[in-house]
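Below: the structure, in structure tokens.
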Amino acid sequence: LIAAEPPNTAVETVAQPVVGAVLTANDVAQRAKVAAPKGGLLSVTTKSTKVCKSAGSGLALVGKGTCKATVSIKFGAGKPKNKTVSIKVS
């Protein structure tokens with residue numbers, strides 16, 4: 001889990017995900033159309049290991065296909081909010 005960046009922080013997003021790229025947790029959250037306000041904890045998981053693998057707090061794109069990733073946002077002691085996103089990797 002990592003602390004989410006403040007909403008107004010510039011984050012570089014990979015426009016077209018390609019094999020060899022790394023997406024940060026914030027990149028994946030943006031693709032899932034979820035925002036983590038300051039103070040929230042953000043994590044990304046995947047089971048699409050032929051296409052993408054966990055890399056620190058983000059995803060390494062390791063093969064062509066569709067990467068299904070789950071973004072979890074947690075605030076304090078509350079339950080995390082999860083959203084799954086599909087990312088096409090070429």
* Asked: side chain to side chain contact (heavy atoms under 4.5 Å, CB included) with Lys83: which residues, sequence neighbours excluded?
  ->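 In terms of side chain to side chain contact (heavy atoms under 4.5 Å, CB included), with neighbours along the sequence ignored, Lys83 is linked to Ala32, Lys33, Val34.
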How close do [X] and [Y] get, heavy atom to heavy atom, and via which atoms?
| X | Y | result |
| --- | --- | --- |
| Val71 | Leu42 | CG1-CD1, 3.4 Å |
| Ser57 | Ala25 | O-CB, 3.1 Å |
| Lys50 | Val62 | O-CG2, 3.8 Å |

* Write out all pairs satisfying disulfide bond (SG atoms under 2.5 Å apart) with one or both partners inside residues 59-90, taking only residues at least two apart or from two chains. =>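 Sorted pair list: Cys52-Cys67.
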* **From Leu23, Val19, Val18, residue fulfilling side chain to side chain contact (heavy atoms under 4.5 Å, CB included) relative to Leu61** =>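 The side chain to side chain contact (heavy atoms under 4.5 Å, CB included) with Leu61 is passed solely by Leu23 among Leu23, Val19, Val18.
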* Asked: Which residue pairs satisfy the side chain to side chain donor-acceptor pair (under 3.5 Å) criterion with at least one member in residues 61-70, sequence neighbours excluded?
  ->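 For residues 61-70: Thr70-Thr84.
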* Asked: At what distance, to the nearest 0.5 angstrom, does CG of Leu59 lie from CD1 of Ile87?
  ->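 Result: 6.0 Å between the selected atoms.
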* Counting N and O atoms only, with roles assigned by atom type, does the side chain of Ser48 sit under 3.5 Å from a partner on the main chain of Val51, one being a donor and the other an acceptor? ->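 No, Ser48 side chain to Val51 backbone: no donor-acceptor pair under 3.5 Å.
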